[in-house]
Peer 1: 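I have a structure I would like to understand better, so I am pasting it below and will then ask my questions one at a time.
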Amino acid sequence: MSEEKKSLNFLEQIIEEDLANGMSKDDLRFRFPPEPNGYLHIGHTKAIGISFGLGQKYNAPVNLRFDDTNPAKEEQEYVDAIKKDVAWLGYQWENELYSSDYFQQLYDWAVLLIKDGKAYVDSQTSEEMRIQKGTPTEAGVSSPYRDRSVEENLDLFERMKAGEFDEGTHVLRAKIDMTSPNMLMRDPLMYRILKKSHHRTGNNWVIYPMYDWTHGESDYLEQISHSLCSLEFKPHRELYNWFRDHVYEYSKSEYPNPPKQREFSRLNLSYTIMSKRKLLKLVEEGVVNGWDDPRMPTISGLRRRGYTPASIRNFIETVGVSKRENIIDVALLEFKIREDLNKTANRVMAVLDPVKVVIDNYPEGQEEILIAENNPEDENAGSREVPFSREIYIEREDFREEANKKFFRLKLGKEVRLKNAYFITANSCEKDEHGNITVIHCTYDPLTKSGSGTPESQRKVKGTLHWVSAKHAVKAEVRAYDRLFLNEAPDGHKDKDFMEFINPNSLEKIEAFVEPSLQTAKIGDRFQFQRLGYFNVDDDATQENLVFNKTVGLRDSWAKKK
RNA sequence: UGGCCCAUGGUGUAAUUGGCAACACACCGGUUUUUGGUACCGACAUUCAAGGUUCGAGUCCUUGUGGGCCAACCA
């Protein structure tokens, strides 16, 4: 067997190059660094998949590090949710770490930078500093405090830490270059005073390090070899390197490996949004019922919707890695969950929009138990018993009084197969005063029982319908979802707010009849409702009230023809 | 009057680093089928533009064009 040759993505090529240039494979180390200020979404899964995927490929450790430097936005609730989601996706981190664990080390390094004249305390307002910073096309000018003495800086910084000053009165800045074409190099802030309790360090600190000063140094402390992030951090790389190179001089004997930042394009999915801030708005304004609403692109939403970890991992794998802006067709995600569930989900029968069928020549009061295969894709899935009787429900759209020959379903005078049961022929129907069909009268052919092996049962008929015995049917609530937004790129419009594209009909609650075997289904169980789609048992389900979510419909070439 | 990044079908990612543009999804058509599902088969692009180098360019060079990111005491 010849190995299929897989091409390397650009990140793998960088790693291969580093390895070829002498980096030891043992020094490879990655990390996934979420800020615990919200729930993870499918976009994060790309970053997770890249770093953990690389970890797997090179047998290298991957840390889960919480970038928790802003106590105003971060909460333990989010830490817990993120850990749950990453674990659920099937990834194992080497160490669970927190940037806040490095506060003291960062402070000590900051003092060294001050002593080297590389950082200073600025005592202006943020507004004054913003103006001095200039614009992308105009150079900035220096702060009047830029040349404070080392002694004064040291004193002020220590007193900032001691809590002597109010928020907004002083900051620590790196002394770099106010005329740099890169705005981030114009003396970026390293520390601000924040008198807020932190979810891990409590009130120990009143100065908190900024992202740029924290992130790269956390990578360095953990001896991360390749720090991978999304494209919008590209301009930060120059600053990342500046901090890293200075700190390296202080600590190279202890921490010999300076990390390297590289950037990839983030994932965008059609018909949804990927911004934490905007997702939060959907939650807060009640557009959805929480972060785990099955319409949300969050991991918890997809989990509740019935997506499997494998399907999401396969999706990420298929999507690939590059530096191009992209919008992935949500149809690819749907394909991935169908692909998985087709092989693993047991088939059952459920009728979502029922109309009654009476089989006039089937003896009144008689019932029989029929055998149904659980999954034609899986020989080991076994079979189950399905009760049959004189009155059954079928899908309203599966019957027409008259129809052309493209309609393979039940119509007057025509025969169809009832899945796992008998052939029936429609003879007449009853209607209410509005002309709605209430009952369809049929006759069945007793010689056509499924699995009986009779020549009659092997007759070719074009249509096969799913059904549920009326007497045995179990009532269940089914929640069917449509896309949350009506536009392919809801937040891609400069003149329109994403909220304008919300689909008012993204949730439909249906009272359905399902076969009795589902009575014992447990929360999270996944099924294929034959001819309809894949469904799972929602968290809201109870012993008395079954609730199903429609994960995704089956491919439906009939719907397209119509 | 800036800096940086990107450009391959409807979508996303490839192309042994200069040698027959491939794979997946979507779409369209067909075969099989006790799911109008699955499976299988077929159709679908002269690689943003114009020049240049070369026997040969998606790949290298030049100039354009288009898109993205950067002016939070956010990450």
Peer 1: Just to be sure I understand: a Watson-Crick pair is purine N1 to pyrimidine N3 plus N6-O4 or O6-N4, both under 3.5 Å. Using that and G-U wobbles, which stems of three or more pairs involve RNA chain B?
Peer 2: B:2-7 with B:65-70, B:10-13 with B:22-25, B:28-31 with B:39-42, B:48-52 with B:60-64
Peer 1: With centres under 5.5 Å and planes under 30° as the test, does A:F335 stack with B:A24?
Peer 2: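 No, A:F335 does not stack on the base of B:A24.
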Peer 1: Hey, does the side chain of A:K460 come within less than 4.0 Å of B:U34's phosphate (OP1/OP2), counting only N and O?
Peer 2: yes
Peer 1: What integer number of Å spans the P atoms of B:A15 and B:A22?
Peer 2: 14 Å
Peer 1: Reading RNA chain B from 5' onward, which residue's closest nucleotide shows up sooner: A:P235 or A:E488?
Peer 2: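 Looking at RNA chain B, the more 5' nearest nucleotide goes with A:E488.
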Peer 1: Above 12 or not: heavy atoms from other molecules or residues under 6.0 Å from CD of A:Q76?
Peer 2: yes
Peer 1: Between B:G67 and B:C25, how far apart are the two C1' atoms, rounded to whole Å?
Peer 2: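 That atom pair is separated by 24 Å.
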Peer 1: Could you give the distance separating B:C27 and B:U17 at their P atoms, to the nearest angstrom?
Peer 2: 37 Å
Peer 1: Calculate the interatomic distance between A:F408 atom CZ and B:U33 atom C1'; express it in whole Å.
Peer 2: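 About 12 Å, once rounded to whole Å.
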Peer 1: Between B:A45 and B:U11, how many Å separate the two C1' atoms, rounded to a whole number?
Peer 2: 14 Å
Peer 1: Distances for protein N/O vs nucleotides 72-74 of chain B N/O pairs under 3.5 angstrom?
Peer 2:
residue: B:C73; atom: N4; partner: A:Q124; partner atom: O; Å: 3.3
residue: B:C73; atom: N4; partner: A:G168; partner atom: O; Å: 2.8
residue: B:C74; atom: OP2; partner: A:R192; partner atom: NE; Å: 3.1
residue: B:C74; atom: OP2; partner: A:R192; partner atom: NH2; Å: 2.8
residue: B:C74; atom: O3'; partner: A:R192; partner atom: NH2; Å: 3.2
residue: B:C74; atom: O2'; partner: A:N70; partner atom: ND2; Å: 3.1

Peer 1: Is the cationic atom of A:K419 (NZ for Lys, CZ for Arg) positioned less than 6.0 Å from the six-membered ring centroid of A:W467 and within 45 degrees of its normal?
Peer 2: no
Peer 1: Looking only at side chains, do A:R31 and A:H215 share a donor and an acceptor under 3.5 Å apart?
Peer 2: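 Checked: A:R31/A:H215 side chains pair up, N/O donor to acceptor below 3.5 Å.
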Peer 1: Please state the C1' separation for the pair B:G56 and B:U46 - nearest whole angstrom.
Peer 2: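 To the nearest whole Å, 16 Å.
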Peer 1: Is the phosphate of B:C4, meaning OP1 or OP2, less than 4.0 Å from a side-chain N or O of A:R237?
Peer 2: no
Peer 1: Is A:Q458 side chain donor-acceptor paired with the B:U34 base, going by distance under 3.5 Å alone?
Peer 2: no
Peer 1: Of A:G320 and A:P376, whose nearest nucleotide on RNA chain B comes first from the 5' end?
Peer 2: A:G320
Peer 1: Within the structure, does a side-chain N or O atom of A:R531 lie under 4.0 Å from either OP1 or OP2 of B:G36?
Peer 2: yes
Peer 1: Base, sugar-phosphate, or nothing: which does A:V321 touch, judged by heavy atoms less than 4.0 Å apart?
Peer 2: sugar-phosphate
Peer 1: To the nearest Å, how far apart are A:Y444 OH and B:U34 P?
Peer 2: 22 Å
Peer 1: State, yes or no, whether a side-chain contact exists between A:P259 and A:Y220 at a heavy-atom distance under 4.5 Å.
Peer 2: yes
Peer 1: For B:G37, does either OP1 or OP2 sit under 4.0 Å from a side-chain N or O belonging to A:K343?
Peer 2: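 False: A:K343 side-chain N/O out of range (4.0 Å or more) of B:G37 OP1/OP2.
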Peer 1: State yes or no: are the ring centers of A:F233 and A:Y240 separated by less than 6.0 Å?
Peer 2: no
Peer 1: Determine the interatomic distance between C1' on B:C73 and the same-named atom on B:G3; round to the nearest Å.
Peer 2: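 Roughly 25 Å separates the two C1' atoms.
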Peer 1: Hey, does the side chain of A:S450 come within less than 4.0 Å of B:U34's phosphate (OP1/OP2), counting only N and O?
Peer 2: no
Peer 1: Mind checking what makes side-chain hydrogen bond (donor to acceptor under 3.5 Å, both in side chains) contact with A:S99, not counting sequence neighbours?
Peer 2: A:D67
Peer 1: Assign A:L332 to base, sugar-phosphate, or nothing according to its heavy-atom contacts below 4.0 angstrom with the strands shown.
Peer 2: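 Sugar-phosphate: the residue A:L332, judged by heavy atoms under 4.0 Å, touches backbone atoms but no base.
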Peer 1: Rounded to whole angstroms, how far apart are NZ on A:K323 and C1' on B:G12?
Peer 2: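 Between C1' of B:G12 and NZ of A:K323: 18 Å.
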Peer 1: How is A:D556 classified with respect to the nucleic acid when contacts are heavy atoms under 4.0 Å: base, sugar-phosphate, or nothing?
Peer 2: sugar-phosphate
